[in-house]
Structure formats: C-alpha cells, structure tokens
There are 2 protein chains.
Amino acid sequence: MGAADIEVPVFQRIKDYLLAQIQAGHWKEGDAIPSEQELARQFGVSRMTVNRAVRELTADQILTRVQGSGTYVAQHKYQSTLVAIKSIAEEVRGRGHRHRSELHLLERAKASEIMAAPFGVKPGYALFHSVIVHFENEVPIQVEDRWVNPAVAPDYMEQDFSSMTPNEYLMAAAPLQGVQYSIEALPAPRDIAAMLQMQPKDACLVLKRRTLSQGQAATVVTMWHPGSRYQFAGSF
Amino acid sequence: MGAADIEVPVFQRIKDYLLAQIQAGHWKEGDAIPSEQELARQFGVSRMTVNRAVRELTADQILTRVQGSGTYVAQHKYQSTLVAIKSIAEEVRGRGHRHRSELHLLERAKASEIMAAPFGVKPGYALFHSVIVHFENEVPIQVEDRWVNPAVAPDYMEQDFSSMTPNEYLMAAAPLQGVQYSIEALPAPRDIAAMLQMQPKDACLVLKRRTLSQGQAATVVTMWHPGSRYQFAGSF
DNA sequence: TAGTGGTCTAGACCACAGC
DNA sequence: CTGTGGTCTAGACCACTAT
C-alpha cells in the first residue's frame, strides 16, 4: 500500500524531527538543540517556519528557550498520576480479584466530525475502533470505548485483547508523551447500561482520556463505570 | 519613545482583545468572530500576526476554526483541575467568571457514627458543619458539605464565608499534611438536587476529600456537582 | 561583536465552505 | 465565484547572551 499523499505541513515535520531526536536520546535534557538558522538551513525552509515548530514545542514544555542564548531540551517533569494510566486488568488483579474482558466490537471506521477533532484529522479519516467490557469477579465494571490512530498503532486490529488489554498494548507500542483527561458523571445510554447490567439513565462515572504520542493523538478512549459500584480514589 | 513603556507584543494585544470581547459577553459561544483579514485591518497589522493570536487561542480551546468558514467561540465546559486542593472561587475567577456562594447551614453538631470514623473520634464528639452552594455566573455548580474538626480550626464558626471560602480559610489555618479523595457518580438526593437546580436522581459528580493536619483529620468534605454541567479535567 | 531568539511584514498559493 | 482559514517565504529590526 503506497503511502497516501498526506500533506504534512513543514512545521509539523520539523516538530516530528525534533521530538524524534529527543525520543531517541540523541538530545538529552538540558542539551542545546540547533538554532533556528541552522534548522532552517537543514530543512531548506524559512526561519519563520522553524520558529513556529520550536515555539509550539516550547508551549508544550518540550523545549525551553533563552533569548540570546539558545533552545534547550526541557527537564522532564514527573507528575503524580491521579488517575493512572494503569491498566484496569492490573488494578483488578491487584485487589486479588479475577479480571476478564469481552470484546464487543473491533472495526475500521471513519472518523465522524466528533472524533475527528480530538485526533486532529479530517472527518472520514480511517480510525480503529474497539468496544470492550471489563469484569471484576464476573461483575461488569467498565465499558472501554476506544478509538485509535492507525498512524501510531498500525497493527492494532491484529491484537488478541483477551490476553492483553488495548491499554497495555498501546503503552508498549507507542511512547507516551502526554495525557489529557476529564471525569464526568453522565446518565447511562441504553447500550452502555445493558453492557454494565444497570438501568438506563442511572449515573455513570465517565473517564475520557486522550493520549499523545509522536506528536499526535494516539488514542481517545471513553471509559464508562457504573456509579453504584465504582469510584476513583487516591491520596497524596 | 518612552523607555519605560511596557512592550506588549501585538499578537498578545490581539489575544487580550479577543478574550475581553468573549468575557464581556459581546461574543457568545458559537458566535463567529471577525475574520483574520478584518482583524488585521482593525489593528493595522499583517495577517500573520493576527493568525498567531487566533491560532494560539484555538490551541487553548478558546476558539474553534473551520477552514473556509470562519472562527468561532468554543463551547465552554466548566471544569476543574483534579489536583483540587485549589479553591473553587479562585478557579471560577480564573476563568474570568463571577463566583458567589450561599451559606445554607453553619452549625455545631455531634458526630454521627458515620462521621466519627473518618475523624477518628467517638460518636457524639462536637464537630463543625457547614453547607455552602457555589455559583459560577449565577449557575450553581457545587454543594460543599463540610465537617471540620474544632481541634484543628477552633474559630471556624466565626468566619465570613462570603469573603473567603472554607477551603481558603482552612488552607491558611492548618498546614496540610495529606489528602485522601474519592470520586464517584451518584444520583442526586432531593436536597442536593434542589440546591443545584437539577432533578433528583440525576447524575452528580461527587468528590469526597479528607485532609490531615497536625496528625489528625482536619476536615471531611463532600462536594456535589451537577453531572450535566461540571467535570474534572487535567493533563500531564 | 557575533549569534541567538522575539517579533513582525507584505506579500503568496492552496484547500475548503457557502452562496 | 468570493471569502475563509492553513501554510509558507525572504526578508527586517529588535533585545538579549556570550565571548
């Protein structure tokens, strides 16, 4: 399959290049990266284009800039994982309980307008889509509705999700750069309610998460939990 | 040229202008804002400068753009950072909105069996108890049901909670040693529903928090939020 | 002083939406 | 078709850092 003529903007290619260098360890924390002039020359583009790439990575805390001095790889900041990236299987087993999952759907689908936005692609762009129900001691505790960017995990469809959760697979397949999440309380839609063995409109605890990898959205997942028998907890 | 003049970059002045228009209510959610051409003409600058201002606000989810169509004010979601030791008043004001609170109850009460446990005291022990409703732009977004240990904050009852939230007072009065929290989705009880102007049994996002100070439980608080118009969010 | 980043210009071509 | 945003150029002047 020939690479589709996806037009990747130059500034994005420069961002990808810089991220790749950092990811590969060629540039370590605190190291200076090439100047705008130098990058402009390397890529054969104008300085403004390089400037945009570097400025955006600076806004993302990947780089830091010092006027008159140079651009440096930022110190990696460790942050407490309130709502961990941890796999639910691991969590259930950690409680000494049995974890099991049921695959309800696994498909190639086109991005709707709603899904196109978080991925930063156009509607119609091909995405992978899976729906899995997780059980703790045979009680359903989570519906995992996941969309995956094929550019980041091209062989997502070939995985055996009974032996490895999508989360575990993706963590291994794509280096994680960032996470955005939100937690909401929503009434259960009919289909979700059925899978979780609860009444429609009963309260669900919903965790939405968008993870970034290689400078683009890797996966967007919505996790539905029955409000009556699930909670997030932690301490610090 | 006054050397003392503060140099504010043009793109920043344009961002400030756009934010001011939105905050002042001149442009509401979903409204189209002037085109880049138009703004460039208004400010007497080049389109690239306007482009940067608008692009950065789009990255911040303040605006949304549609190629070929225009730029629009994004739908606003009330959300809160999960590392929510922060005062809700501060957070609301940080969004440029008005915060107001109503004190529904302020009493000395004896610990029930349920409340005695988290405080590590015996039932009947005297505790302070307050119930406050918080509003963002006159929309109720939180019922704060708080129990306070008099040993840690003896003058809790004498505070004016219209000028300072309990959280702000306690943060100042008692050094924080630790926090435990849980997040749940629960149906709204009648009284909570009334205060939040929602229907009983509709989904609430509930944050329970227990803070430790001076080696003992300082405060136990249950915060109820309407599921339909509130969420916790964050990134790392 | 030489090199860096910070900002800005006045054009340009393109893809796309809406009429 | 016109008008919109998306991108890019090849310069420019400035403030700042390091030598």
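Below, chains carry the letters A, B, ... as their sequence lines are ordered, and counting in each starts from 1. If you're wondering where the values come from, they're calculated on a predicted model, not measured in any experiment.
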For atom [atom1] of [X] and atom [atom2] of [N], their distance in whole Å:
| X | N | atom1 | atom2 | answer |
| --- | --- | --- | --- | --- |
| Leu39(A) | dT4(C) | CG | C1' | 13 Å |
| Gln12(B) | dC8(C) | CD | C1' | 15 Å |
| Arg41(A) | dG3(C) | CZ | P | 13 Å |
| Met48(A) | dG11(C) | CE | C1' | 13 Å |
| Glu36(B) | dG5(D) | CD | P | 5 Å |
| Glu56(A) | dG6(D) | CD | C1' | 12 Å |

Is it the case that the side chains of Asn51(B) and Arg55(B) hold a donor-acceptor pair, with the cut-off being a distance below 3.5 Å and no angle test?
yes
Just checking, any donor-acceptor pair under 3.5 angstrom between side chains of Ser130(A) and Tyr156(A)?
yes
For side-chain contact (heavy atoms from CB on, under 4.5 Å), just list the numbers for Phe119(A) and Tyr125(A), CA-CA rounded to whole Å, side-chain angles, deciding distance to a tenth of an Å, and then say yes or no.
CA-CA 10 Å; Phe119(A) 276 104; Tyr125(A) 183 90; over 6 Å; no
Which nucleotide in the set [options] lies at the smallest distance from any side-chain heavy atom of [X]?
| X | options | result |
| --- | --- | --- |
| Thr49(A) | dG5(C), dT9(C), dC8(D) | dC8(D) |
| Val10(B) | dT4(D), dT9(D), dC8(C) | dC8(C) |
| Asn51(B) | dG6(C), dG5(D), dT7(D) | dT7(D) |
| Arg65(A) | dA10(D), dG5(C), dC8(D) | dG5(C) |
| Gln37(B) | dT4(D), dG6(D), dT4(C) | dT4(D) |
| Phe11(A) | dT4(D), dT7(C), dT7(D) | dT7(D) |

Where protein sits on nucleotides 13-19 of chain C, one letter per nucleotide: B base, S sugar-phosphate only, - none, heavy atoms under 4.0 Å:
--BBB--
Contacts of type ring-ring contact (aromatic ring centres under 6.0 Å, His included), residue Phe43(A), not counting sequence neighbours
Tyr17(A)
Taking for each residue the nucleotide of DNA chain D with the nearest heavy atom, is it Gly44(A) or Tyr72(A) whose nucleotide lies nearer the 5' end?
Gly44(A)
Between Arg55(A) and Glu38(A), whichever has its closest DNA chain C nucleotide further toward 5' is Glu38(A)
Determine whether a donor-acceptor pair (N or O, by modelled atom type, separation under 3.5 Å) exists between the side chain of Ser101(A) and the backbone of Val133(A).
no
Hey, could you give me each pair passing salt bridge (Lys or Arg N to Asp or Glu O under 4.0 Å) that has a residue in residues 187-199 of chain A? Not counting sequence neighbours.
none
Determine, step by step, whether His225(A) and Leu196(A) satisfy the side-chain contact (heavy atoms from CB on, under 4.5 Å) criterion, reporting the C-alpha distance in whole Å, the side-chain angles of both residues, the deciding distance to 0.1 Å, and the verdict.
CA-CA 8 Å; His225(A) 311 83; Leu196(A) 289 176; 5.8 Å; no
Can you check whether Arg52(A) has a side-chain N or O nearer than 4.0 Å to OP1 or OP2 of dT7(D)?
yes
Taking only side-chain N and O atoms of Ser46(B), does any of them lie within less than 4.0 angstrom of OP1 or OP2 on dA10(C)?
no
